[in-house]
2 protein chains.
Amino acid sequence: MVTKQFEGSPADADLTRADSLAREIFSDVANKWALLIIEALGERTLRFSELRDGVEGISHKMLTQNLRMLERNGLVERNVHPTVPPRVEYTLTEPGRALWEMTNEMCGWTHRYLGHIEASRRRFDA
Amino acid sequence: MVTKQFEGSPADADLTRADSLAREIFSDVANKWALLIIEALGERTLRFSELRDGVEGISHKMLTQNLRMLERNGLVERNVHPTVPPRVEYTLTEPGRALWEMTNEMCGWTHRYLGHIEASRRRFDA
DNA sequence: CGGAATCCTGAGCGATACTG
DNA sequence: CAGTATCGCTCAGGATTCCG
């Protein structure tokens, strides 16, 4: 992918920059919590607290932290309703939704190979 | 996905077990290094050292660690050639190859939205 | 060369408390 | 309810060393 080595031709500055940016984005996105959040938001818009117990296992802190990151990258949109008590809703943007399709496939993959993997683990652990 | 809440119907034990297993697998696989390794192995079989400098940024330790994990889950196959010096090659298994298709899409996704994301970041950081 | 083991540091994360 | 801030600790993970 993204992991090529360039030497010194003309437009390389741009290429390597785009490349390192791509790696950075990949690293942001290729993490457990981010993907689980995206997955949860695929169904519908959710509030902060709905996400907190929807994603199970995630801490308050990790949730905000990842939501900020996803917002920064333009994958989720944050909507504050100025009511009291406050109500903040998170929605996938179009890039986020595209990513969601892939988390979906990952879920499908996981279930498809559950048996293989479980078996392989037993073999390995012996 | 995987994050449903069950109450107490008959065959729930199995369902929740499969579910927690699925979450575990997902967590194993949804990590930066694992996915980058899979991506690298997509092209062709690679030796340990080829992976080490192919994946760039990964440490000796992280590489072995992740390779063990991937092997355990049956996503890569480890082949030791009893020569001297030793020669160890890693190949994707069929489940691994299926996963690779998804990392490929992720790479495609990354490049497709590079612009969007970069722009969104600039907006956010202001 | 590939891998295991050891040591050591700091980022990551949970827990808690405080604001609007 | 949502978010920020602070503290403390655990443990991920880098550097190094040794083995087959």
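This one's a predicted model, so the numbers in the text were calculated from it and none came from an experiment. A, B, ... follow the sequence lines: proteins, then strands. Residue 1 opens every chain.
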* Quick one: does B:R78's side chain get under 4.5 Å of B:L67's, heavy atoms only? -> no
* Asked: Is any side-chain heavy atom of A:W109 closer than 4.5 Å to a side-chain heavy atom of B:I25?
  -> yes
* To do: Mark yes or no for whether A:T110, through its side chain, and B:A22, through its backbone, hold a donor-acceptor pair below 3.5 Å.
  => no
* Structure fact -> Here the distance between atom P of D:dA12 and atom CE of B:M69, to the nearest Å, is 13 Å
* Send over the distance from B:L51 CG to C:dG2 P, rounded to a whole Å. => 9 Å
* **Student check: side-chain heavy atoms of B:M102 and B:L99 closer than 4.5 Å** => yes
* Asked: For nucleotides 13-20 of chain C, read 5' to 3', which letter fits each nucleotide if B means a protein heavy atom sits under 4.0 Å from the base, S means only the sugar-phosphate is that close, and - means neither?
  -> BBB----B
* To the nearest Å, how far apart are B:K32 NZ and C:dG12 C1'? -> 14 Å
* Across the strands shown, which category fits A:R78 at heavy-atom distances under 4.0 angstrom: base, sugar-phosphate, nothing? -> sugar-phosphate
* Structure fact -> Overall bend of the helix from C:dC1-D:dG20 to C:dG20-D:dC1 (five pairs an end, 10° steps) is 40°
* Asked: Between C:dG3, C:dC1, D:dC1, which nucleotide gets closest to the side-chain atoms of B:F48?
  -> C:dG3
* Structure fact -> note: A:N66, atom CG; D:dG3, atom P; distance rounded to Å ~ 13 Å
* Take atom CG of B:N31 and atom P of D:dA12, then tell me their distance rounded to the nearest Å. => 12 Å
* Classify the side-chain pair A:Y90/A:E71 by whether it contains a donor and acceptor separated by less than 3.5 Å. => no
* Structure fact -> Quick note, A:Y90 side chain, CB onward, closest among D:dA2, C:dC1, D:dG3 is D:dG3
* Could you go step by step and tell me if A:E24 and B:R121 meet the side chain to side chain contact (heavy atoms under 4.5 Å, CB included) rule? -> CA-CA 12 Å; A:E24 197 188 327; B:R121 285 186 174 188; 2.9 Å; yes
* Asked: Under 3.5 Å, is there a donor-acceptor pair between the side chain of A:T93 and the main chain of A:L75?
  -> yes
* Asked: Within the pair B:R47 and C:dG2, is there a side-chain N or O less than 4.0 Å away from OP1 or OP2?
  -> yes
* To do: Could you tell me the separation between the CG atom of B:D53 and the C1' atom of C:dG2, rounded to a whole number of Å?
  => 13 Å
* Can you find a side chain N or O atom of B:T64 that sits less than 4.0 Å from OP1 or OP2 on C:dA4? -> no
* Asked: Is B:N31 close to B:L35 at the side-chain level, that is, under 4.5 Å between some pair of heavy atoms?
  -> no
* For B:R87, report the nucleic acid contact type (base, sugar-phosphate, nothing); a contact means any heavy atom under 4.0 Å. => nothing
* For B:E89 and C:dG2, give me the distance from atom CD to atom P, rounded to whole Å. => 10 Å
* Asked: Which part of the nucleic acid does B:R68 contact within heavy-atom distance under 4.0 Å: base, sugar-phosphate only, or nothing?
  -> sugar-phosphate
* **Validation row: A:R52, A:F48 side chains within 4.5 angstrom (heavy atoms)** => yes
* **Residues that A:E89 engages under side chain to side chain contact (heavy atoms under 4.5 Å, CB included), provided they are two or more places apart** => A:T45, A:R47, A:H81, A:R87
* Whole-Å distance between C:dG2 C1' and B:N79 CG? -> 14 Å
